[in-house]
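Shown next, in structure tokens, is the structure this report addresses.
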Amino acid sequence: MTAQDSATPTTSIAVSSGTLLASLGVVAFSLTFPSTVWGLESFGPWSLAAVRSVLAAIVAGGFLLAMRVPLPDRRHWAGLAVVAGGVVVGFPLLTTLALQTSTTSHAAVVVGLLPLTTAAFAAVRTGRRPSRAFWLAALAGAAVVIAFTVQQSGGELQSGDVCLFGALLVCAAGYTEGGRLARQMPGWQVVGWALIFCLPFALAGSAVALAFEPVRLTAHGTIGLLWVAVGSTFFGLYVWYRGMASIGIAKASQLQLAQPLLTLVWSVSLLGETLSPAAPVAAVAVLVCIAVTQRART
């Protein structure tokens, strides 16, 4: 057996493991919008965004202390700041503000564009150029998701669209930088240090926001807060960045094509929204596009 032959099973296992981890991240993220809607039953938008960051940072800090992880090298600080600004602060705040007026199905339009945007950011940031087949499949998947979710929302522009498209850009930048850093340090440390970097601002924001936005605790509101803090922000980003480090930013990003459809399923089961009969057709089309992107050269 040659060295190349012996390395193939290990590589295959690593790719399968990375795909599984990234897929778990997609499932965790798909619950974010419905959980945010629940959270808004108890908290104002600014309070919810700030408190979720505080709780996630406490969990991350506990892991960092327990594992006695040293401070990251100074050369990683700029990248961690991008992760913090994009996925810890920017995306949660902007989507929470948008979900005051937008439905979860309309907000899913942003998620439908996120895989393509992340792949574009990654191509610029890392210099790796996916194949033409990859881009064609990615564009086709994005088109299917956008057409489906726009049809679901009636094709009307919402007042929160500016926030949603801003969230798209900052999240793609944060995903790309986090995926790059996860090749140099464990993914959970990328998430953990990004959360710790934001903690002083999150604490200050929580104090100010809670003073102006009344809190009305409900079961849904509490569950929603806990999920967006621990499930989406900490666990979701942890498995997501580990997966991206294993299979590459571009390929991992295309797994998110399934996220809007999963979000719509949760919206029906958790929020009572109605689902279009076109959903199964869109789901099959998206899965085909995902399969092509995973096999295409990146």
Side-chain angles (χ1 to χ4, degrees), residues 22-45 48-49 52 87 91-117 141-168 171 218-233 235-237 240 254-287 289-290:
S23 299
L24 286 175
V26 170
V27 174
F29 297 153
S30 71
L31 279 160
T32 300
F33 287 172
S35 298
T36 299
V37 172
W38 275 9
L40 287 171
E41 292 183 10
S42 296
F43 300 89
L48 181 60
R52 71 181 278 183
V87 301
F91 187 80
L93 177 59
L94 290 170
T95 53
T96 300
L97 291 172
L99 284 170
Q100 291 184 103
T101 56
S102 298
T103 63
T104 54
S105 58
H106 185 85
V109 173
V110 173
V111 179
L113 289 172
L114 187 55
L116 181 60
T117 309
V144 170
V145 171
I146 292 170
F148 176 66
T149 49
V150 167
Q151 183 271 332
Q152 280 288 101
S153 61
E156 298 179 358
L157 290 176
Q158 306 290 330
S159 59
D161 283 341
V162 174
C163 290
L164 289 172
F165 283 106
L168 165 71
C171 190
T218 64
H220 278 176
T222 303
I223 294 172
L225 170 63
L226 291 176
W227 179 260
V228 294
V230 180
S232 299
T233 305
F235 172 77
L237 289 175
W240 178 242
Q254 298 315 298
L255 292 172
Q256 279 196 299
L257 286 170
Q259 186 173 324
L261 301 178
L262 288 173
T263 297
L264 291 173
V265 172
W266 299 127
S267 299
V268 171
S269 58
L270 299 178
L271 303 179
E273 296 184 6
T274 57
L275 191 62
S276 167
V281 177
V284 172
V286 166
L287 289 175
C289 293
I290 290 175

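Residue numbers run from 1 in the order of the sequence given.
- Checking Thr96 against Thr36 by side-chain atom types alone, no donor-acceptor pair falls below 3.5 Å.
- The CG atom of Leu94 lies 8.5 Å from the CG atom of Leu164; values are rounded to the nearest 0.5 Å.
- The heavy-atom pair separating Pro34 from Thr104 by the smallest distance is N-CG2, 4.2 Å.
- Leu48 CG to Gln100 CD: the interatomic distance, rounded to the nearest 0.5 Å, is 10.0 Å.
- Note that SG of Cys163 is 8.0 Å distant from CG of Leu93, once rounded to the nearest 0.5 Å.
- In plain terms, the two heavy atoms of Trp266 and Ser30 that are nearest each other are NE1-OG, 2.8 Å.
- Taking the side chain as every heavy atom from C-beta outward, Ile223 and Ser35 never approach each other to under 4.5 Å.
- Taken from OG1 in Thr222 to CD in Glu41, the straight-line distance is 10.0 Å, to the nearest 0.5 Å.
- Between Trp227 and Thr32, the closest heavy-atom pair is NE1-N, 4.5 Å.
- With rounding to the nearest 0.5 Å, the separation of OG in Ser269 from CG in Leu264 is 10.5 Å.
- Rounding to the nearest 0.5 Å places OG1 of Thr95 at 11.5 Å from CG of Leu168.
- Exactly one residue among Thr263, Leu237, Thr233 makes a side chain to side chain contact (heavy atoms under 4.5 Å, CB included) with Phe29. That residue is Leu237.
- In terms of heavy-atom proximity, Gly231 sits nearest to Ala28 at O-CB, 3.8 Å.
- Under the 4.5 Å side-chain criterion, counting only non-hydrogen atoms from C-beta, Ser23 is not in contact with Val27.
- Contact check for Leu270 versus Trp38: side-chain heavy atoms found under the 4.5 Å cut-off.
- Across all non-hydrogen atoms, the minimal contact from Phe91 to Val87 is CB-CA, 4.4 Å.
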